[in-house]
Amino acid sequence: MATLRSALRALLCLPAFALAAPPGAAQAGGDAARGKQLYSQQCIACHSVDVSMAGPAHRGVFGRKAGSLAGFAYSDALRRSRIVWDAGTLDRWLSNPEQLVPGQSMNYAVADAQARADLIAYLRTLEPAGKPPPPR
């Protein structure tokens, strides 16, 4: 009987556990088309896909070491960070850049996890010409 109660208790707890997603879990559900739209609404004031402006160009950001795009004046903090951009680091960066890299100079965060996932899905599509997107 005690074993049955334990099994039932475990089954009752399963739905709550299934809903408790770790940070960044929304990334798997990112919508690149919505991310492109969000990029044009939220990021374009400082960034471009192919040209560095107030912020660095984003084409080829996946797999790139933070602070390494030639010709852009990064903060010392970002250049020294040793971060390589992937879905997880981009999620943490977009969530709170200053927390991830104290002393960086981006003063913008994306609070909504799904919006971050969508932006990341779009950024994943921005590979240099002739190079396939990185695996999911």
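Reckoned from all heavy atoms, side chains included, excluding hydrogens, waters and symmetry mates.
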Sequence neighbours left out, cut at 3.5 Å: what donor-acceptor pairs do the side chains of residues 71-80 make with other protein atoms?
unit_1, atom_1, unit_2, atom_2, d
Ser75, OG, Leu78, N, 3.1
Asp76, OD1, Arg79, NH2, 2.1
Arg79, NH1, Tyr74, O, 2.4

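Within a 6.0 Å sphere centred on CD of Glu98, other residues, nucleotides and ligands contribute more than 12 heavy atoms.
Using cut-offs of 30° and 60° on the angle between ring planes, the pair His47 and His58 is parallel.
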Assess the residue pair Leu119 and Tyr122 against the criterion (side-chain contact (heavy atoms from CB on, under 4.5 Å)); give the C-alpha distance rounded to whole Å, side-chain angles, the decisive distance to 0.1 Å, and a yes or no. CA-CA 5 Å; Leu119 284 166; Tyr122 173 62; 5.5 Å; no
Walk me through it: do Tyr39 and Asp118 pass the test side-chain contact (heavy atoms from CB on, under 4.5 Å)? CA-CA 9 Å; Tyr39 187 90; Asp118 295 341; over 6 Å; no
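A continuous path of hydrophobic side-chain contacts links Ile83 to Tyr108 [ILVMFWY only; heavy atoms under 4.5 Å].
Proximity of Leu69 to Arg64: side-chain heavy atoms (C-beta onward) are separated by under 4.5 Å at one or more points. Using a 4.5 Å heavy-atom cutoff, the side chains of Asp112 and Arg116 are not in contact. With a 4.5 Å cut-off on side-chain heavy atoms, Leu123 and Trp85 do not count as touching. Counting heavy atoms from C-beta on, the side chains of Asp91 and Ile120 come closer than 4.5 Å.
Thr89 approaches Leu100 most closely through the heavy-atom pair O-CD2, 3.8 Å. Minimum interatomic distance between Ser52 and Pro56 (heavy atoms only, all atoms of both residues): OG-CA, 3.6 Å.
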